[in-house]
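Okay, structure first, notes after.
The figures that follow rest on heavy atoms only: side chains count, while hydrogens, waters and symmetry mates do not. Naming: A, B, ... by sequence-line order, numbering from 1 per chain. This is a predicted model, so every value here is computed, not measured.
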There are 2 protein chains.
Amino acid sequence: MENRDVMNNKDKLMQAAIDLIAERGYHGVTTQEIAAAAGLSEKTLFRHFGSKQNLLESAFDRYHYAAEMNDLFQGGLNGDVYEDLLRISRTYHEIMFRNRKMIKISIAEGHHLPGFRERTHQHPQQLKKLLIDYFTEMEKRGKVIHTDHEQTAVSFMLMHFGAFMNYIDATDTTVLNVSLEQMIQHSVQLWTRALSP
Amino acid sequence: MENRDVMNNKDKLMQAAIDLIAERGYHGVTTQEIAAAAGLSEKTLFRHFGSKQNLLESAFDRYHYAAEMNDLFQGGLNGDVYEDLLRISRTYHEIMFRNRKMIKISIAEGHHLPGFRERTHQHPQQLKKLLIDYFTEMEKRGKVIHTDHEQTAVSFMLMHFGAFMNYIDATDTTVLNVSLEQMIQHSVQLWTRALSP
DNA sequence: CATGACTGTCAGTGCTGACTGTCAATCGTC
DNA sequence: GACGATTGACAGTCAGCACTGACAGTCATG
């Protein structure tokens, strides 16, 4: 099964590239280091991808992460604002954490690769729309007060984005002395109170 | 006044370094480019700083931004939760925006320079303490409900940090279709409601 | 005018890093 | 065993970049 192995090696290289570039930046990592981290030779790297740029682009293409958030609102929400917001928050952080390296790269070197920013922006756009629809529905049901739901959704998302950024480096957990799970629970309590009629 | 000019040239170089490194990263900028952006020769750069590393470190030393937040709570707050939170939020964003380039560098290349992280972390630590004290005082006065003030402060700060990160690149203002000022006003309204007795 | 502080030009060094070419080895398939 | 596909070891090219040395020019000060 040579085809299987090729894919495995390509994947190894792309994964190594993502790991290292996320930590040290595109210019901070050499092709030798990437190949070594993948357990392969530098020659193989260039045979598969032709260039360092193309390696990163291919990695970004393969490990796209948009559209994951879709599933979130397919069932799972039960109409209790506190529980729903909690569930949304946790899912958000799961997805963000799973893709934290790509996100870090996209933020740090978005200007290097065309299309990076666009793809990483699909994701929040989508979540915003879903949140707005949720708030609108809950307002109809009399479960939340009337607000500018777009603004509310944006503030809610920015809070969790800030939390994500803060916890993206594991060593930084001590910065604010509060665990992510604590922060999620407490903030959702506050938001529930702010929105409850 | 040769001394004056020396300082001007050193400042020019440090400022150029900050500008360029914030945009393209430490390894994405050459000493030639920095010197050219400062309108000086590369030779002068090395005469003053000896190395590229030392240039960045010197720049970071000079343009430290911690302790700015102190002034915020020295007077200016009047006991009206909505107005106070509004004022705090705006001051926070002013300070963060003014130092956005240093912050970007510190986030992207914190591992390169020892002491970067520590200094950029003084700042939020300080704000957190001040916020906790403020909430405690307001609770005594019966202006806000009892919460875990530390958690509340952290969530509040993370929300604004997320907003700051989102608006740090001017081109990104369209991502969420909401201006920073709108976001500040709306979010503070929500928080005031969440905390009001 | 002499001096000292600062700067630019130019040429150059040494290293690193992206990328290539050649050849041999491995390994699964027919 | 022949073959194709994949890979590694090795040597090497070439450009870019951090950094240096030598020399001359400018300019304010005494």
Side-chain angles (χ1 to χ4, degrees), chain A residues 1-62 105 108-109 111-114 116, chain B residues 1-62 105 108-109 111-114 116:
Chain A
M1 285 297 236
E2 72 284 341
N3 208 3
R4 187 64 156 280
D5 291 342
V6 171
M7 280 315 182
N8 280 344
N9 282 348
K10 281 186 111 176
D11 279 350
K12 276 185 201 167
L13 286 164
M14 290 189 284
Q15 191 57 52
I18 289 174
D19 290 348
L20 291 176
I21 293 175
E23 272 180 23
R24 306 213 292 268
Y26 182 78
H27 294 287
V29 177
T30 71
T31 51
Q32 267 198 9
E33 289 172 311
I34 294 173
L40 298 169
S41 77
E42 198 182 0
K43 185 77 197 173
T44 304
L45 187 158
F46 284 102
R47 264 195 279 249
H48 279 306
F49 298 100
S51 74
K52 188 185 178 186
Q53 278 269 343
N54 187 46
L55 166 59
L56 180 54
E57 286 175 16
S58 302
F60 214 83
D61 283 342
R62 178 167 300 266
I105 293 175
E109 344 255 357
H111 35 94
H112 273 206
L113 293 306
F116 268 41
Chain B
M1 287 298 240
E2 72 283 344
N3 208 3
R4 187 67 156 279
D5 291 344
V6 172
M7 280 313 183
N8 280 343
N9 282 347
K10 281 187 109 176
D11 279 349
K12 276 185 202 168
L13 287 164
M14 291 189 284
Q15 191 58 52
I18 289 173
D19 290 348
L20 291 176
I21 293 175
E23 273 180 22
R24 308 213 292 269
Y26 183 79
H27 294 287
V29 178
T30 71
T31 51
Q32 270 199 6
E33 289 173 311
I34 295 173
L40 297 170
S41 79
E42 197 183 0
K43 186 75 197 175
T44 304
L45 187 156
F46 284 102
R47 266 196 277 249
H48 279 306
F49 298 100
S51 73
K52 188 185 179 185
Q53 279 270 344
N54 188 47
L55 167 58
L56 180 54
E57 286 175 14
S58 302
F60 213 83
D61 282 341
R62 179 167 299 268
I105 293 175
E109 347 255 354
H111 34 94
H112 272 206
L113 293 304
F116 270 41

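Proximity of B/F49 to B/E57: side-chain heavy atoms (C-beta onward) are nowhere separated by under 4.5 Å. Put simply, the side chain of A/Y26 does not reach to within 4.5 Å of the side chain of B/H27, judged on heavy atoms. Using a 4.5 Å heavy-atom cutoff, the side chains of B/R24 and B/E33 are in contact.
The shortest distance between the side-chain N/O atoms of B/H48 and the OP1/OP2 oxygens of C/dT7 is below 4.0 Å. Put simply, B/N9 has no side-chain N or O that comes within less than 4.0 Å of OP1 or OP2 on C/dC6.
Taking atom CG of A/L55 as the reference point, atom P of C/dC19 lies 10 Å away to the nearest angstrom. Distance, A/I34 CD1 to C/dC19 P: 10 Å, rounded to whole Å. In this structure, B/L40 atom CG and D/dT26 atom C1' are separated by 15 Å, rounded to whole Å. Across the protein-nucleic acid pair, A/L45 atom CG and C/dG21 atom C1' stand 17 Å apart, rounded to whole Å.
The two atoms that bring A/A16 and A/I34 nearest to each other are CB-O, 3.6 Å, heavy atoms only.
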**Asked** Would B/V29 and B/E23 count as a side-chain contact (heavy atoms from CB on, under 4.5 Å) if you check the C-alpha gap in whole Å, the side-chain angles of each, and the deciding distance to 0.1 Å?
**Response** CA-CA 9 Å; B/V29 178; B/E23 273 180 22; over 6 Å; no
**Full working for side-chain contact (heavy atoms from CB on, under 4.5 Å) between B/D11 and B/R62** = CA-CA 9 Å; B/D11 279 349; B/R62 179 167 299 268; 3.3 Å; yes
**Message:** Protein within reach of the bases, or only the backbone? For nucleotides 13-20 of chain D, mark each nucleotide 5' to 3' as B, S or -, using heavy atoms under 4.0 Å.
**Reply:** ----SSBB
